[in-house]
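Throughout, residue positions are numbered sequentially from 1 according to the sequence presented. Computed from heavy atoms alone, side chains included, the values below leave out hydrogens, waters and symmetry copies.
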Amino acid sequence: MASTQENTTEWTTDGSESTTLTAVMDSIDHPSPTNPPAPAVKGLPTLLRAQSHHPLDPLTAAEISVAVATVRAAGSTPEVRDSMRFVEAVLVEPDKNVVALADAYFFPPFQPSLLPRTKGGPVIPSKLPPRKAKLIVYSKKSNETSIWIVELSEVHAVTRGGHHRGKVVSSKVVPDIQPPMDAVEYAECEAVVKDFPPFRDAMKKRGIDDMDLVMVDAWCAGYFSEADAPNRRLGKPLIFCRTESDCPMENGYARPVEGIHILVDMQNMVVIEFEDRKLVPLPPADPLRNYTPGETRGGVDRSDVKPLLISQPEGPSFRVSGHFVEWQKWNFRIGFTPKEGLVIYSVAYIDGSRGRRPVAHRLSFIEMVVPYGDPNEPHYRKNAFDAGEDGLGKNAHSLKKGCDCLGYIKYFDAHFTNFTGGVETIENCVCLHEEDHGILWKHQDWRTGLAEVRRSRRLTVSFICTVANYEYGFYWHFYQDGKIEAEVKLTGILSLGALLPGEVRKYGTTIAPGLYAPVHQHFFVARMDMAVDCKAGESHNQVVEVNAKIEPPGENNVHNNAFYAEERLLRTELEAMRDCNPLTARHWIIRNTRTVNRTGQLTGFKLVPGTNCLPLAGSEAKFLRRAAFLKHNLWVTPYSREEMFPGGEFPNQNPRVGEGLATWVQQNRSLEETQIVLWYVFGLIHVPRLEDWPVMPVEHIGFMLQPHGFFNCSPAVDVPPSTADSEIKENGVMVKSCHDGVLFLYIMDDPFGPLPLNDTANVGMMDEAIQVLELMTNQKNKYPFCNFVCSCVINGFLSVGKADLAVKFLENVVSLGCLKPNVVTYTGLVSAYYRLGRIDEVEDLVARMKIYGLEFDVVFYSNWIYGYFREGAIEEALRRYNEMMVCRRIELDTIGYTILIDGFSKEGYDMKKRGLQPMVTLTA
């Protein structure tokens, strides 16, 4: 009965989510007087083994093995079973209400409040429905692709490890499609092409006899005409040739082979079309082609890069339980699929008394497309769907072989089926770690000089994959101020073309003699199943577009400065096909229609675009048949469990125009209050540079999800100050570095107690202050010397009448390269100069400040003017006043006016002669 119910839920013909909480509960076994739970076997856990994995955990290696064995056993004949090739095995994600039940009673966060309220109170199940696997199976014999759903169960055995079993729930052949390519097929294709006699002859014409030098990259054929129809499984390889056979890390992409047309039948692994159309000489070996260390590439590495170590002596701030992650009020689950790679589930924020507040049910990078802009053969055919045709997850790296993360790292493995049905594990596939992210917030009160500053930390979840020549790093960053950032980092090697001698192409950049890189674009699609303040089953979200609008001149804008943010509710799917507009700071807010903040506004999260573009290809470009979703930056649909892939589940050789997102939105369903799914399309235009060769420095692209009225104030205000890096205790003095740069002196048994450094200096404790400075700056402690500390010392010397020591102290600090003074420090130096009778030297000081690009302020000028008053140089003081007010447009404050009144009054100067009576009247 449970299987029937679940099967009905998963395969409704309209793709809607038909299962209610009641239906799910009916499919789950409950304890009752007539049906008590079976007694636990002695020595075994009380919960059944079915609860050993959360409903959203990726399939384990054992589950994949069971699923493959179950499908293979269902084959009708040995020939059918032998011809099965397993393209993909992935978790069938359960209904959202099942996830809520699991999170309420079986797994962290163990919060029944996640469930919507029901009459009579909650019914607590004894176990969850069994997990299911979806398998995509390609038949080498029939060229057919089928989808199988297998129910998985885990049963206890007394022996260690138990045993597993599976049951076929459904299977169906999907007509007129080709599934993604597999790495095994790519390797077989390369061998077949290199062994094809006409190809070997063509390479000999180009001076290549050694087939070990040849690289054959099989690309999917795409769909350009009926010849590419999916009744055949086709590959159209690109050819490259290395220079040295004994160098495994040589950059073989530096010598593309052009003019050869090859078409491979990937089902039978035979070359079905071959033509040597044009003899293009191989580019000469580029001496700058390699990217390996030092002498192995014929170069020398830098010698001045010192180690950078990230230390977390108390461990990380995150906690991990299975695939459940908790960090800084955020919590979520980590998943992984062969097609998408990293998936983030059940994103929520713990908001004090408001408890766990959902933000999103599911986040992932669902598809990407890389169209090239050169109309010449073979580049016009280069339109890779790297997720749908190859699989981002299946091409992920083991980060054991090189990780870009520092500090304390938690890794997650990923398990896949290979083409023949075996299980492969990518160890350390997903990386979870914390990163320092600079300043989070800061403010300094200019009156008191007191400051508060906090450093930002973010939690990063990421993986990296290689698709042929390119590498892509996919990142989700979670911030302490409630932001979520999606980021893609692009690197790897350019896909190049060869040029005839003297040839130049405007559709690319010449990288080296005979070598050029075509222009192209990279597009990524993020699918975001949002749940802003929504529990399972609730449909209370909507999307609002916001544009900055200029108020027309008139009664409401008499000063011509007015503008405002205009909101527009996106009511239907067709209304919600939108593009970015940086000229109006366009963004979109996902709001909960029934939850408000303290000002009565609806709570929400806003999608803030980053760098973006649209396809530069014409509207009739062939690849846009399969990638119609690229025509807009934003699409919004109501949630449907069957609507997962924007170009359809099988874009390889797909002949159907606009399948997927562009077709779904034609239903024009209402978006006014529903479960919202955002599809954000973001891309960049890559005009290659010479600096992108031989390996491209990382290019960044992405977007932000920011709280917008979700909180009542900044959620980052409670982030604590940074703790002291070190404490020094020597000769009864302890120095502690604090969050705002202030040094506190702890003088043991001193009646003053802890005093800030400047106050200590002001009461004449300069001996202790100098001792502290020596301790701070010794080899052991290396306290960062800042302008605030320097100013404290200068003011301390001035307070004890040692202006000469103040000047000498600053000169020594600058000559040793310890400090680049700012205007505050130089203001203290002005005080020292006029006390020494050296006020004229301020002119030289001002010249230096101009060179350093420092801005002057009213405090600096007031101090300077006061110095001239002390010298009796009234005319010079007045000149500096005019310079400040007229030339530098610096407005006087109360202190400045007081200095002027005091100075002029004491000297008995006739201020009326200088037109200063209005100023005096004002300040009186």
### Message
Measuring only between side-chain heavy atoms, which start at C-beta, is Ile334 closer than 4.5 Å to Tyr345?
### Response
no
### Query
Got a salt bridge between Glu503 and Arg505, using NZ or NE/NH1/NH2 to carboxylate O under 4.0 Å?
yes
### Message
I need the minimum non-hydrogen distance between Cys220 and Met181, along with the two atoms involved.
### Response
SG-CG, 3.4 Å
### Task
Look only at the side chain of Asn592 and the backbone of Val532, and say whether a donor-acceptor pair between them is shorter than 3.5 Å.
yes
### Message
Please tell me whether Arg289 and Asn251 have a donor and an acceptor in their side chains that are separated by less than 3.5 angstrom.
### Response
no
### Query
Any side-chain donor paired with an acceptor under 3.5 Å for Asn143 and Gln178?
yes
### Message
Can you see whether Thr637 engages Trp679 through a side-chain donor-acceptor pair at a distance of less than 3.5 angstrom?
### Response
yes
### Message
Any side-chain to backbone donor/acceptor pair from His632 onto Leu630? Under 3.5 Å, distance only.
### Response
no
### Query
Any donor and acceptor pair, going by atom type alone, linking the side chain of Thr509 with main-chain N or O of Pro688 inside 3.5 Å?
yes
### Message
Check whether Glu367 reaches the backbone of Pro646 with its side chain - one donor and one acceptor, N or O, closer than 3.5 Å.
### Response
no
### Message
So does Tyr475 get a backbone contact from the side chain of Glu487, meaning a donor-acceptor N/O pair under 3.5 Å?
### Response
no
#### Entry: Side-chain donor-acceptor contact under 3.5 Å, Asp182 with Tyr138
no
### Task
Walk me through it: do Asn668 and Thr572 pass the test side-chain hydrogen bond (donor to acceptor under 3.5 Å, both in side chains)?
CA-CA 6 Å; Asn668 205 24; Thr572 65; 3.0 Å; yes
### Task
For residues Phe224 and Tyr380, establish whether the separation of their ring centroids is below 6.0 Å.
yes
### Query
Would Glu567 and Lys606 pass as an ion pair if we require N to O under 4.0 Å?
no
### Summary
When every non-hydrogen atom of Phe385 is compared with those of Pro651, the smallest separation belongs to CD2-CB, 3.9 Å
### Task
Would you indicate whether the side-chain heavy atoms of Tyr680 and Met528 approach each other to under 4.5 Å?
yes
### Query
Under the ring-ring contact (aromatic ring centres under 6.0 Å, His included) criterion, do Phe710 and Phe605 qualify, and how do the steps go?
CA-CA 7 Å; Phe710 190 78; Phe605 261 74; 5.0 Å; yes
### Message
Closer than 4.0 angstrom, basic N to acidic O: yes or no for Lys394 and Glu88?
### Response
no
### Query
Roughly how far, to the nearest 0.5 Å, is CE of Met530 from OG1 of Thr674?
13.5 Å
### Task
Go through the steps to decide whether Glu485 and His437 satisfy the test side-chain hydrogen bond (donor to acceptor under 3.5 Å, both in side chains), and finish with yes or no.
CA-CA 13 Å; Glu485 181 183 9; His437 196 63; 5.3 Å; no
### Task
Classify the side-chain pair Asp692/His686 by whether it contains a donor and acceptor separated by less than 3.5 Å.
yes
### Task
I would like to know whether Glu258 and Glu377 meet side chain to side chain contact (heavy atoms under 4.5 Å, CB included); could you show each step before the answer?
CA-CA 9 Å; Glu258 293 211 5; Glu377 181 79 35; over 6 Å; no
### Task
Could you give me the CA-CA distance, side-chain angles and deciding distance for Phe463 and Trp476, then say whether ring-ring contact (aromatic ring centres under 6.0 Å, His included) is met?
CA-CA 10 Å; Phe463 82 103; Trp476 291 97; over 10 Å; no
#### Entry: From CD (Glu273) to CG (Leu234), nearest 0.5 Å
8.5 Å
#### Entry: Where Pro609 and Leu607 come nearest, the two heavy atoms and their spacing
CD-O, 3.5 Å
### Phe524-Phe365 aromatic ring centre distance below 6.0 Å
no
### Query
So, is the end of the Lys339 side chain (NZ or CZ) under 6.0 Å from the ring centre of Phe650 and within 45° of the ring's axis?
yes
### Query
At what distance, to the nearest 0.5 angstrom, does CD of Glu471 lie from CE of Met696?
9.5 Å
### Query
Would you say the side chains of His397 and Thr466 form a donor-acceptor pair under 3.5 Å?
yes
### Query
Rounded to the nearest 0.5 Å, how far does OG of Ser670 lie from CG of Leu570?
11.5 Å
### Message
Using a 3.5 Å distance criterion without hydrogens, assess whether the side chain of Asp265 forms a donor-acceptor pair with backbone atoms of Ile272.
### Response
no
### Task
Tell me yes or no: between the side chains of Ser364 and Glu340, is some donor less than 3.5 Å from an acceptor?
yes
### Message
For the CH2 atom of Trp635 and the CZ atom of Phe629, what is their distance to the nearest 0.5 Å?
### Response
9.5 Å
### Smallest separation among heavy atoms of Ala254 and Leu515, with atom names
O-CD1, 3.3 Å
#### Entry: Pair Asp176 + Arg656: basic N to acidic O under 4.0 Å
yes
### Message
Let's go through Glu575 and Arg568 carefully: what are the C-alpha distance in whole Å and the side-chain angles of both, what is the deciding distance for salt bridge (charged side-chain N to carboxylate O under 4.0 Å, His left out) to 0.1 Å, and is it a yes or a no?
### Response
CA-CA 10 Å; Glu575 282 187 41; Arg568 172 193 169 198; 3.8 Å; yes
### Query
Any side-chain heavy atom of Ile590 sitting closer than 4.5 Å to one from Leu678?
yes
### Task
Indicate yes or no for a side-chain donor-acceptor contact from Arg255 to the backbone of Ala498 under 3.5 Å, with no hydrogens or angles considered.
no
### Query
Cationic tip of Lys382 within the cone over Tyr372's six-membered ring, i.e. under 6.0 Å and within 45° of the normal?
yes
### Atom pair NZ/CD1 of Lys172 and Ile147 - distance to nearest 0.5 Å
5.5 Å
### Query
Looking at side-chain heavy atoms only, is the closest gap between Thr491 and Glu699 below 4.5 Å?
no
### Query
Does Arg578 pair with Glu545 as a salt bridge, N-O distance under 4.0 Å?
yes
### Task
Answer yes or no: is there a donor N or O on one side and an acceptor on the other, between the side chain of Asn633 and the main chain of Cys580, under 3.5 Å?
yes
### Query
Under 3.5 Å, is there a donor-acceptor pair between the Tyr639 and Asn541 side chains?
no
### Query
Between Arg641 and Asp529, is there a salt bridge with N-O shorter than 4.0 Å?
no
### Message
Just checking Glu620: does its CD atom have more than 12 heavy atoms from other residues, nucleotides or ligands closer to it than 6.0 angstrom?
### Response
no
### Query
When you measure from the side chain of Glu659 to the backbone N and O of Glu649, does any donor-acceptor pair fall under 3.5 Å?
no
### Query
What's the verdict on side-chain hydrogen bond (donor to acceptor under 3.5 Å, both in side chains) for Asn395 and Tyr472, showing C-alpha distance, side-chain angles and the deciding distance?
CA-CA 10 Å; Asn395 286 283; Tyr472 300 97; over 6 Å; no
### Query
Is the side chain of Asn612 donor-acceptor paired with the backbone N or O of Val681 at a distance under 3.5 Å, no angle test?
yes
### Query
So do the side chains of Arg233 and Glu185 get within less than 4.5 Å of each other, counting heavy atoms only?
yes
### Query
Can Tyr507 and His379 be counted as having a side-chain donor-acceptor contact under 3.5 angstrom?
no
### Task
Examine Phe332 together with Phe478 and report whether their ring centres are nearer than 6.0 Å.
yes
### Task
Evaluate the criterion salt bridge (charged side-chain N to carboxylate O under 4.0 Å, His left out) for residue pair Glu643 and Arg669; output intermediate values, then yes/no.
CA-CA 14 Å; Glu643 295 179 358; Arg669 292 165 290 189; 3.1 Å; yes
### Message
Please determine whether a side-chain nitrogen of the Lys or Arg among Glu389 and Arg626 lies less than 4.0 Å from a carboxylate oxygen of the Asp or Glu.
### Response
yes
